[in-house]
Amino acid sequence: MSARVWRRPPMIADPRLRWGLSLAVVVYLILAVGSLEVNWQRVAEGLERGAAFAAALFTPDFSSRGADILEGFLESLAMTFVSTTLGLLLAVPVAVGAARNLSPLPVYLICRGFIAISRSFQEIIIAILFVAMLGFGPLAGVATLAFASIGFIAKLLAEDIEAMDPKPLEAIRATGGSATQTLHWGVMPVVLPRLVGVSMYRLDINFRESAIIGIVGAGGIGATLNTAFDRYEYDTAAAILLLIIAIVLLSEYVSGFIRGKLR
Amino acid sequence: MPVSHANGQPRWRRRTPAAVLLAWLGWFAVVAVLAFSWQFISERTIWMFVTDAPSQGADLLARMLPPDWAYTGRLWKPLWDTLNIATLGTLLALVIATPLAFLAARNTTPALPGLRPLALLVIVASRSINSLIWALLLVMILGPGVLAGIIAIALRSIGFIGKLLYEAIEESDAKPVEAIVATGASPAQMRLYAIVPQIMPAFAGISVYRWDINIREATILGLVGAGGIGLELMASVNVLAWGRVSMIFLLILATVLASEWVSARVRAAVT
Amino acid sequence: MSLGLLRLEGLSKRYGKDAPALDDVSFSLDAGEVIALIGPSGAGKSTLIRCINRLVEPTAGRIWLGDTDLTSLDRRSLRQARRRIGMIFQEFALVERLSVMENLLSGRLGYVGFWRAALRRFPQADIERAFDLLEQVELGAMVDRRADALSGGQRQRVGIARALMQTPDLLLVDEPTASLDPRTSRQIMRLITRLCGERGLPAIINIHDVPLARRYCQRVIGLRAGRIVYDGPASALDDSVLTDIYGEEDWDNQETPAEGSEEDVAESEA
């Protein structure tokens with residue numbers, strides 16, 4: 001019997017498409033890498049600094065700028081709490097407006113549009129605008145994080161409301177309940193546990209974000225960190241980074257615990 | 001069932017008295033923290049500026065409209081850089097995160113003690129720090145530019161991809177693993193034949209999902225000097241050229257929507 | 001007891017502080033002999049065959065394959081010994097997202113290096129052998145079909161072919177019919193016993209379906225709570241023996257295979 005050959009069939013059957021795609025990928029990579037303008041001399045100098053920073057991670061300095069660090073973290077935490085609460089309170093009406101089964105079309109479109117805008121832009125971009133309007137400081141940060149939280153929470157909540165079983169709603173309407181009564185008795189009990197879970201999750205995100213919007217002047221630990229980097233104070237920067245990691249882990253653990261309890 | 005007996009009559013309450021007390025304490029704590037936080041923020045706010053905010057906002061809006069369309073011509077190169085930062089950063093992260101995920105997954109980690117906790121530590125550290133902070137760090141080390149952006153994106157993505165991938169590995173079916181081990185295959189061959197085919201869809205989905213997120217993040221890395229369209233944004237904000245700023249916003253919005261569309265299409269195709 | 005190809009001497013397995021899953025099991029298997037291992041769920045059938053290729057580490061006892069003591073091997077020699085032992089699984093245990101051919105070739109992994117396996121560059125002899133086996137299990141047209149596109153019976157035939165790709169000296173078969181309908185079950189049992197017969201390949205078949213065991217195997221070993229309670233010809237498997245193995249029951253039911261096997265599927269999966 002003649003030798004029977006076997007080759008693994010290629011993932012893309014059409015050879016022209018296969019070679020075309022491969023070629024496109026290779027060309028893109030060459031162009032992309034080619035357009036990197038890297039100052040290798042600067043990079044070589046930087047490696048030394050990198051090593052110094054890595055070493056600093058093992059000798060973090062919490063005390064030299066202790067007051068600044070404390071102030072920054074308190075500001076971050078205060079911004080996180082206030083903005084999450086504010087975002088939550090404002091997200092509920094927006095979510096109801098963005099649920100097609102509860103709202104008329106014009107309201108629906110406006111609320112959906114608001115959610116889309118709030119979700120498309122990074123927090124730090126929104127922060128730039130709020131800093132321009134409200135001046136430097138944590139209030140701009142609160143406005144930023146609240147704005148982003150509204151879009152985030154309202155979207156998830158609206159999806160929940162839309163996925164709800166319509167029968168209990170009809171039953172309440174049938175007993176002659178008003179719109180607010182429908183919301184209170186028909187909608188809230190269903191979405192409340194989920195709302196708490198989403199808020200915990202958003203609290204976590206808001207803390208992480210509060211650590212960076214300080215870079216554009218919106219308060220929080222980000223400004224302190226930025227200053228530490230600018231002054232090449234590696235030990236202080238390392239201390240701040242380690243604290244951020246610790247708080248993120250702690251909040252992740254706590255929010256996971258609470259969400260687990262609610263399930 | 002929280003039923004108490006008062007005057008020989010059973011009385012039903014939704015919660016036991018202790019639970020009620022605890023709930024009140026909880027609410028009190030939340031309100032106290034909020035009040036304290038608000039006071040803290042209020043002290044650090046110059047309220048004169050805030051009362052001015054509506055007119056400031058209106059002024060800002062007026063200056064942003066119309067967007068400076070002519071400025072678009074100068075934005076293509078930064079946009080190309082942004083795309084490269086996201087794509088090359090994602091690729092770099094995949095190369096590092098994949099072996100890391102195999103070290104971190106309970107069912108594929110080598111027997112060497114300490115290796116798994118180390119892999120998990122790397123994943124956690126990478127995940128906890130925003131790419132903008134990584135960029136801040138890298139700009140300080142490597143100097144401003146696209147390279148810092150690529151590495152910042154990669155450093156943040158390693159933890160994200162590593163975590164989702166190692167969870168996918170841990171969820172993979174153990175039966176083929178047992179079968180491949182029973183043929184006398186080496187541990188490396190077992191991973192290649194029994195695990196890798198199982199996680200391929202997850203791998204593709206996670207990669208594209210993260211690429212989509214990275215496009216968004218790459219648009220702002222320039223704010224700290226790490227290349228891309230954010231550099232132009234920062235420059236325009238600094239000179240208060242709000243017509244340019246709104247143009248950049250529009251371009252960012254379009255890019256983000258496009259990458260979201262691509263990512264959704266690809267993810268729908270692989271799952 | 002004759003010195004067979006496979007000898008188990010005082011094999012025991014204990015998980016933690018529980019009652020032993022296997023308790024002092026000894027028997028031997030001659031070349032070309034196909035035995036059925038029967039017993040209720042939890043009797044230790046699955047543990048027993050997994051102890052033989054050490055997917056489960058035995059607590060005590062020795063296992064001889066020819067003149068190799070499998071229990072004493074280090075990891076490297078164990079891998080080499082495993083190449084000589086083919087295994088067929090209850091739920092097929094194929095790699096679902098690989099093609100039929102790749103699943104077959106995975107039976108040769110013990111013989112090729114990492115990169116050959118990664119690039120799917122197996123020796124021509126392995127390819128030839130895979131095509132031959134696919135003909136024998138009547139899946140010639142399915143070479144590049146993905147395993148998850150096959151029916152249950154077809155998947156199990158891929159599983160059989162994968163085990164035979166190893167050119168094994170011994171076949172371990174774990175509940176080959178538990179996931180199949182009664183008709184396919186009989187086809188699969190017939191195929192396994194035929195292929196073993198043609199090769200003079202000894203096999204241990206774990207099976208909960210007594211009529212199937214009786215029909216396709218000459219020798220039966222009955223396991224109850226980790227101990228051998230019967231070892232003899234299938235023809236001598238009468239009601240009193242079955243009661244020893246499974247406990248009291250009206251065994252007339254067992255004469256109607258289709259019904260009986262379905263009941264057993266439900267029981268073993270419960």
Side-chain angles (χ1 to χ4, degrees), chain A residues 28-29 31-33 35-39 42-43 45-47 49-50 53 74-75 77-82 85 117 120-122 124-125 128-130 132-142 208-209 211-212 215-216 219 222 225-226 229-230 232 234 237 241 244-249 252, chain B residues 30 33-34 36-42 44-50 52-54 56-57 60 77 80-81 83-84 87-88 91 124-125 127-130 132-133 136-143 145-147 150 216-217 219-220 223-224 230 233-234 237 240 242 245 249 252-253 256-257 260:
Chain A
Y28 167 75
L29 284 179
L31 286 178
V33 174
S35 74
L36 296 181
E37 286 154 12
V38 179
N39 180 349
R42 176 70 179 74
V43 171
E45 284 170 26
L47 289 180
R49 270 180 240 168
F53 180 78
L74 283 179
E75 208 166 275
L77 288 171
M79 281 159 54
T80 306
F81 288 129
V82 173
T85 313
I117 291 176
S120 291
F121 287 104
Q122 297 269 322
I124 197 151
I125 289 182
I128 291 174
L129 295 178
F130 276 116
M133 279 167 60
L134 302 172
F136 291 99
L139 191 70
V142 168
R208 290 169 197 237
E209 293 295 332
I212 59 163
I215 294 170
V216 295
L225 184 62
N226 204 1
F229 277 132
D230 280 347
Y232 296 101
Y234 302 132
L241 284 185
I244 291 176
I245 295 179
I247 295 179
V248 165
L249 280 184
E252 208 167 78
Chain B
V30 168
V33 166
L34 280 175
F36 177 76
S37 298
W38 178 249
Q39 199 209 345
F40 190 89
I41 291 166
S42 178
R44 283 156 187 75
T45 302
I46 303 167
W47 287 100
M48 204 177 68
F49 287 164
V50 179
D52 203 23
Q56 286 285 343
L60 201 60
K77 167 70 167 122
W80 164 254
D81 283 343
L83 180 71
N84 292 339
T87 311
L88 298 180
L91 288 176
V124 160
R127 246 160 40 79
S128 306
I129 296 180
N130 194 293
L132 207 58
I133 296 182
L136 216 56
L137 179 65
L138 284 156
V139 166
M140 176 196 76
I141 293 174
L142 300 174
V146 174
L147 186 67
I150 292 173
R216 286 163 190 264
E217 303 211 327
T219 60
I220 54 164
L223 294 177
V224 296
L233 179 61
M234 204 59 185
V237 168
L240 304 175
W242 292 103
V245 170
F249 281 2
I252 289 179
L253 190 62
V256 165
L257 291 179
E260 205 165 71

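Each chain gets a letter, A, B and so on, in the order its sequence line appears, and its residues count up from 1. This one's a predicted model, so the numbers in the text were calculated from it and none came from an experiment.
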Go through B:Val224 and A:Phe229 one step at a time and tell me if the side chain to side chain contact (heavy atoms under 4.5 Å, CB included) criterion holds.
CA-CA 11 Å; B:Val224 296; A:Phe229 277 132; over 6 Å; no
Any chance you could lay out the side chain to side chain contact (heavy atoms under 4.5 Å, CB included) test for A:Ile215 and B:Leu223, step after step, and finish with the verdict?
CA-CA 8 Å; A:Ile215 294 170; B:Leu223 294 177; 5.5 Å; no
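Residues A:Gln122 and B:Arg216 approach most closely at NE2-CB, 3.1 Å, considering heavy atoms. For the pair B:Ser128 and A:Arg208, the tightest heavy-atom approach, listed with the atom from each and the gap, is CA-NH1, 4.2 Å. Taking each heavy atom of B:Arg127 and A:Glu252 in turn, the nearest pair found is NH2-OE1, 2.8 Å.
Of all the listed residues (B:Val256, B:Leu132, B:Asp52), the one sharing the greatest number of non-hydrogen pairs under 4.5 Å with chain A is B:Leu132. The residue among A:Ile244, A:Ile124, A:Val216 with the most heavy atom pairs within less than 4.5 Å of chain B is A:Ile124. Heavy-atom pairs under 4.5 Å with chain B peak, among A:Ala246, A:Gly135, A:Gly137, A:Ala132, at A:Ala132. Per-residue counts of heavy-atom pairs under 4.5 Å with chain B were compared for A:Leu74, A:Asp230, A:Thr80; the largest is that of A:Leu74. Contact count against chain A (heavy-atom pairs under 4.5 Å) is highest for B:Val33 among B:Leu257, B:Val33, B:Ile252. Ranking B:Leu233, B:Val124, B:Leu137, B:Val237 against chain A, the residue ahead of the rest is B:Leu137, based on heavy-atom pairs under 4.5 Å.
Both the backbone and the side chain of B:Ile41 come within less than 4.5 Å of a heavy atom in chain A. For B:Ile220, the part lying under 4.5 angstrom from a heavy atom of chain A is the side chain only. Within the 4.5 angstrom heavy-atom criterion, no atom of B:Gln39 approaches chain A. Neither the backbone nor the side chain of B:Leu138 comes within contact range of chain A; no heavy atoms are under 4.5 Å apart. In this structure, the portion of A:Leu29 lying under 4.5 Å from any heavy atom of chain B is its side chain and not its backbone. If you measure heavy-atom distances from A:Ile247 to chain B, you find no contacts under 4.5 Å at all. For A:Asn226, the parts lying under 4.5 angstrom from a heavy atom of chain B are both the backbone and the side chain. Heavy atoms of A:Leu139 lying under 4.5 Å from chain B belong to its backbone as well as its side chain. Heavy atoms of A:Glu75 lying under 4.5 Å from chain B belong to its backbone as well as its side chain. With a 4.5 angstrom heavy-atom cutoff, A:Phe130 does not touch chain B via any of its atoms. The parts of A:Leu134 that come within reach of chain B are both its backbone and its side chain, each placing non-hydrogen atoms under 4.5 angstrom from that chain.
Residue B:Phe249 qualifies as enclosed at atom CZ: its count of foreign heavy atoms under 6.0 Å is above 12. For A:Tyr28, the OH atom counts as densely surrounded, since its 6.0 Å shell holds more than 12 non-hydrogen atoms of other residues, nucleotides or ligands.
For A:Ser35, the side chain to side chain donor-acceptor pair (under 3.5 Å) criterion is met by B:Trp80, B:Asn84, not counting sequence neighbours. Qualifying side-chain contact (heavy atoms from CB on, under 4.5 Å) partners for A:Arg42, counting only residues two or more places apart in sequence or in other chains: A:Asn39, A:Glu45, A:Arg49.
Atom CD1 in B:Ile150 sits 4.5 Å away from atom CG in A:Leu36 (nearest 0.5 Å). One distance of note links CZ of A:Phe53 with CD1 of B:Ile141; it measures 6.5 Å at 0.5 Å rounding. For the atom pair B:Leu60 CG and A:Ile128 CD1, the distance stands at 11.0 Å (nearest 0.5 Å). Note that CD1 of A:Ile212 is 6.5 Å distant from CD1 of B:Ile133, once rounded to the nearest 0.5 Å.
Proximity of B:Thr219 to A:Phe121: side-chain heavy atoms (C-beta onward) are nowhere separated by under 4.5 Å.
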